[in-house]
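Take a look at the structure below.
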Amino acid sequence: MTPVAVSSFPSHSRNSLGWWRPASGAPDSHPAAIRSLLGDLKSTIAFVRTPGGIAAAADGCAQIGGELPSNDALPLLAVLPPLTPSQLGDPAFLVAHGVRYPYMTGAMANGIGSVEIVEAMSRAGMLGSFGAAGLSIERVTAAIDRLTLALSDGPWCVNLIHSPNEPSHEMAMAELLLRKGVRLVEASAYLDLTPAIVRYRVAGFQMVNGQPVAANRVIAKVSRVEVATKFLSAPPPKMVQDLLAQGHITAEQAALASSLPMCDDLIAEADSGGHTDNRPAITLLPTMLALRDRLQSPVRVGLAGGLATPSSLAAAFSMGAAFVVTGSINQACVESGSSDAVRKMLAEAGQADVAMAPAADMFEMGVKLQVLKRGTMFAMRAQKLFDHYRLYSDWNAIPTAERASIEKTYFRTSFDDIWQQTRDFFTRRDPTLLAKAEVDPKQRMALVFRWYLGLSSRWANVGEPTRTVDYQVWCGPAMGAFNEWTKGSDLELPANRSVTTVARSLLYGVCLQMRQQQLRQAGVRLPEECFASGPASADELQRRLS
């Protein structure tokens, strides 16, 4: 390829910072050479004006201001210091969690945020959250035991999700986490603080060297100011006293409760897959940061939702995010607990191929979550079930033709058969829900409809071939943005998408983006050929980030 002359692109910085003198050779103005220098994130790069245009060098001697030091000196336009992924975000996050990079994979329910993802992230110096929501106590126990054995003192996290329709299961999950000594949880989907999350948090309060410390750490994922305020503040006194009276916490822990906030880290969750309020990241993160500062809370604030390209992650860090959290793109990775069929669907998705649909865990409340629309009819079918629940007080009140259609195409069996399966499930899971359903036909209908919503995600996870049109795949528009960014690269193929490669590619790209922005702010404009486009190859990532 014929090189593009850098000299043909004007610089907006005609007044130099000072002077630069060569050490071993002349600076290079070839776009490929400049691109290579920028890719060496650990190097300090000097940009100078030469008779042939703008050039760059990673050695030599830079002098800020002053007179021309020698005849071989050149005007200095900018100096870029090293910028590695470890320098992004808040260094306190790295120290607190024992990680190398300020990057986290958020929990994806039903084990989609798998133990394989958590293990891979931990070993790569990042934080992964196990998707415990929707799983039985037995399956979560097995996952915790495996992670404890495999990772020892390495960083890892387990999700504790708000379950308004199953408070006893939420409490049982909190008790499991305490019993197993899990010291870090990602609290998600909370509409308000519950006894379960407060018990987990306060049960870890202790005095260390005369200072109150929270041994049980919480990363709270929120999208509403009113919920964020509760997590940024001390636990509710009334709830603390109730837990003390029930013997769940000690008197010392109750006394310390007013000294510490409910979380160590807060994730501002913007437009994302699964549970979401579709909030725009560009307004949500500054709002949460301002709230944190107004409450004078020591909590670190990160960002999730819509993060799938170096540009979006760079924007998050530029706005002040202490760390970033990815979601939808990890479901498309080989380590996720989803199926190859779903990974293929996700790899073909565009930014507009998503829709909102009723959530199984908060069905009666009308809460919705964001799912993949392309290749599945789940969103439409789930909405139809909710419409029937809202309009009718009893399954038998639904018009006969509609009931027959739902049994044939959605259930593929009779309503009564599904009700029997549902009864068996909740007898084991949460018998208290059955008491009302036995006498309330509307509640019985809701539980049967939740059977369909609940199984639809499991059909997707196992890749059930006869249920493709019913797949419930949690997905946000970030998935489409990621697919666009990776087009033409190794990461375009689902088989090449590992969570660590994706994470390292994004973080490396962030540093390149920020270096480009630093040059622009210094008034140095270079042609696009000087900057990498698309993900780096695996070999380059290994060389640059080792």
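We use all heavy atoms of the structure for the numbers below, so side chains are in, but hydrogens, waters and symmetry mates are not.
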Expected output: side-chain Arg504 to main-chain Leu545 donor-acceptor under 3.5 Å: no
Pairing of Lys230 and Glu226 as salt bridge, 4.0 angstrom limit: no
Residue pair Ser70 / Asp72, side-chain donor-acceptor N/O under 3.5 Å: yes
Ser24 and Asp59: CA distance, side-chain angles, deciding distance, side-chain hydrogen bond (donor to acceptor under 3.5 Å, both in side chains) verdict: CA-CA 8 Å; Ser24 58; Asp59 59 7; 2.6 Å; yes
Donor + acceptor pair across side chains of Arg217, His97 (<3.5 Å): yes
Pair Asn496-Thr501, side-chain donor/acceptor within less than 3.5 Å: no
Pairs where residues 299-312 contributes a residue and the test side chain to side chain donor-acceptor pair (under 3.5 Å) is met, not counting sequence neighbours: Asp265-Arg300, Thr309-Ser312, Ser311-Gln513
Salt-bridge contact Arg201-Asp264 (side-chain N to carboxylate O under 4.0 Å): yes
Polar contact flag, side-chain donor to acceptor under 3.5 angstrom, Asn110-Ser457: yes
Residues Ser505, Leu491; criterion side chain to side chain contact (heavy atoms under 4.5 Å, CB included); working and verdict: CA-CA 10 Å; Ser505 295; Leu491 288 179; 3.8 Å; yes
Test item: side-chain donor near acceptor, Ser122 and Glu119, under 3.5 Å: no
Neighbour count >12 (heavy atoms, 6.0 Å) for atom CD, Gln521: yes
Donor-acceptor pair, side chain of Asn330 and main chain of Thr326, under 3.5 angstrom: yes
Worked verdict on Ser338 versus Arg343 for side-chain hydrogen bond (donor to acceptor under 3.5 Å, both in side chains): CA-CA 7 Å; Ser338 197; Arg343 280 186 271 272; 5.4 Å; no
For the student: nearest non-hydrogen atoms of Leu284 and Glu269, plus distance: CD2-O, 3.2 Å
Ile282, CD1: over 12 other non-hydrogen atoms inside 6.0 angstrom: no
Test item: Leu88 and Leu507 side chains (from C-beta on) under 4.5 Å apart, heavy atoms: yes
From CA spacing to verdict: side-chain hydrogen bond (donor to acceptor under 3.5 Å, both in side chains), Ser339, Tyr471: CA-CA 11 Å; Ser339 63; Tyr471 284 1; 5.2 Å; no
Ring geometry between Phe231 and Tyr190 (parallel below 30°, tilted from 30 to 60°, perpendicular above 60°): perpendicular
Main-chain N/O of Gly65 paired to Gln63 side chain as donor or acceptor, under 3.5 Å: yes
Donor-acceptor under 3.5 Å (Asp277 side chain, Arg279 main chain): no
Derivation of the salt bridge (charged side-chain N to carboxylate O under 4.0 Å, His left out) call for Glu116 and Arg146: CA-CA 10 Å; Glu116 289 80 7; Arg146 172 174 165 176; 3.4 Å; yes
His162-Asp361 side chain donor-acceptor pair, cut-off 3.5 Å: no
Derivation and outcome, side-chain hydrogen bond (donor to acceptor under 3.5 Å, both in side chains), residues Glu492 and Asn483: CA-CA 7 Å; Glu492 183 176 5; Asn483 290 334; over 6 Å; no
